[in-house]
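Worksheet: the structure to be examined is printed underneath.
Model, not experiment: these values are computed from the prediction. Below, chain A is the first sequence line, B the second, and so on; all start at residue 1.
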There are 2 protein chains.
Amino acid sequence: MTRGFDADCLATREILNRVGDKWSVLVIVILGDGMRRFNDLKRSIDGISQRMLTLTLRSLERDGLVKRTVHPTNPPSVDYELTPFGRTLLAPVAELALWAQRHRPEVQRARDAYERAEKGTGRAGKR
Amino acid sequence: MTRGFDADCLATREILNRVGDKWSVLVIVILGDGMRRFNDLKRSIDGISQRMLTLTLRSLERDGLVKRTVHPTNPPSVDYELTPFGRTLLAPVAELALWAQRHRPEVQRARDAYERAEKGTGRAGKR
DNA sequence: CTGGATCCAGGCCGATACTG
DNA sequence: CAGTATCGGCCTGGATCCAG
């Protein structure tokens with residue numbers, strides 16, 4: 001538990017920084033359902049700019065989590081899908097997703113309570 | 001699978017944004033070992049500024065994940081520990097941490113391969 | 001349809017100095 | 001010891017325009 005502890009934490013932080021950005025998880029979860037095309041993804045996510053979708057997909061492809069397939073048709077189309085490696089990430093992410101879904105109200109309540117308590121105890125309370 | 005899909009994704013993204021910042025996971029994992037004092041944490045993490053440690057702890061406290069206890073001694077000392085609720089997050093995070101530790105080399109290899117391939121296929125390759 | 005390039009705003013985070 | 005306040009840089013991410 002003491003050996004490599006820092007290194008492990010660093011590795012964890014590295015992964016979370018990769019996956020914890022604004023869109024990666026969304027893309028991973030959606031691609032968990034199967035192969036999708038670019039604009040298909042874009043429409044599914046709704047709110048993402050094509051820039052961020054491109055960057056996110058590139059980053060995931062770069063790390064070997066997503067496979068990109070270009071079909072030389074006219075007009076051209078590109079498929080994206082999780083690699084087997086990417087699928088191994090799906091389980092832990094789903095775990096966290098489940099936690100998020102189950103505990104969101106609790107977090108919300110805690111947050112509200114904190115705001116209220118803040119006013120009573122004379123804390124700054126600058127929002 | 002279709003109902004509440006967007007909402008679930010949003011919840012997931014929300015949690016990941018909370019936990020996916022630069023230091024939260026580190027703090028959670030360390031506090032998973034037991035109660036710690038402020039400067040104790042600061043020394044454990046090494047690289048964090050007192051500012052970021054404060055902000056991170058505040059954020060976690062706000063969401064009900066961490067409990068803060070002030071001892072009115074001289075000099076004053078403050079203990080931080082995970083709440084029972086915070087402990088429920090420990091498991092999924094540990095899951096992801098394990099994934100990170102196990103697959104870091106693979107990610108690194110994929111990244112290297114991507115860089116190399118990039119040069120062969122005439123891609124931009126601007127690093 | 002699938003992107004690349006550029007411009008620009010806002011937030012995150014670090015360094016430093018100061019307080020109780 | 002345990003913070004708070006302020007300043008400033010960097011990076012993320014959005015909008016828009018352009019190209020294959």
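- Using a 4.5 Å cut-off on side-chain heavy atoms (C-beta onward), A:Phe38 and A:Leu57 make contact.
- For the helix from C:dC1-D:dG20 to C:dG20-D:dC1, the rotation axes defined at the first and last 5 base pairs enclose an angle of 40°, given to the nearest 10°.
- The side-chain hydrogen bond (donor to acceptor under 3.5 Å, both in side chains) test applied to A:Arg111 returns B:Asp63, not counting sequence neighbours.
- The interatomic distance linking B:Asn17 (CG) with C:dG11 (P) rounds to 14 Å, in whole Å.
- At least one side-chain heavy atom of A:Leu60 sits less than 4.5 Å from a side-chain heavy atom of A:Ser24.
- Checking B:Thr54 against A:Gly20, the closest nucleotide of DNA chain D that is more toward the 5' end is the one next to B:Thr54.
- The stretch residues 37-44 of chain B does not touch DNA chain C, since none of its heavy atoms comes less than 4.0 Å from the strand.
- Side chain to side chain, B:Arg68 and B:Tyr80 meet the donor-acceptor criterion of an N or O pair below 3.5 Å.
- Between B:Arg109 atom CZ and B:Arg104 atom CZ the span is 12.5 Å, to the nearest 0.5 Å.
- Rounded to whole Å, atom P of D:dA2 lies 10 Å from atom NE2 of B:His71.
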For residues 81-94 of chain B, run the donor-acceptor check on the side chains, cut-off 3.5 Å, and write out each pair with its distance to 0.1 Å, sequence neighbours left out.
unit_1	atom_1	unit_2	atom_2	d
B:Glu81	OE2	B:Lys67	NZ	3.4
B:Thr83	OG1	B:Gly64	O	2.7
B:Thr83	OG1	B:Leu65	O	3.3
B:Thr83	OG1	B:Phe85	N	3.4
B:Thr83	OG1	B:Gly86	N	2.9
B:Thr88	OG1	A:Trp99	NE1	3.0
B:Thr88	OG1	B:Phe85	O	2.5

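- At the phosphate of D:dC1, neither OP1 nor OP2 sits under 4.0 Å from any side-chain N or O atom of B:Tyr80.
- A:Thr56 has its side chain out of reach of A:Leu26: every pair of non-hydrogen atoms, C-beta onward, lies at least 4.5 Å apart.
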Donor-acceptor pairs are to be reported for all side-chain atoms of residues 40-52 of chain A against protein atoms at under 3.5 Å, with residues two or more places apart or in another chain.
unit_1	atom_1	unit_2	atom_2	d
A:Ser44	OG	A:Arg36	NH1	3.0
A:Ser44	OG	A:Asp40	O	3.0
A:Ser49	OG	A:Met52	N	3.3

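- At whole-Å resolution of the value, CZ in A:Arg36 and P in C:dG3 are 16 Å apart.
- Counting to the nearest Å, the P atom of C:dC1 and the CG atom of A:Asp79 are 14 Å from each other.
- Between B:Val19 and B:Ile28, the closest side-chain pair of non-hydrogen atoms falls below 4.5 Å.
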Just by protein heavy atoms under 4.0 Å, how would nucleotides 13-20 of chain C read 5' to 3' in B, S and -?
BBBBB--B
Before you tell me yes or no, could you show the steps for B:Val70 and B:Asp79 under side chain to side chain contact (heavy atoms under 4.5 Å, CB included), namely the whole-Å CA-CA distance, both residues' side-chain angles and the distance that decides it to 0.1 Å?
CA-CA 6 Å; B:Val70 183; B:Asp79 289 336; over 6 Å; no
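- B:Arg116 contributes atom CZ, which lies 6.0 Å from atom CG of B:Asp112 (distance to the nearest 0.5 angstrom).
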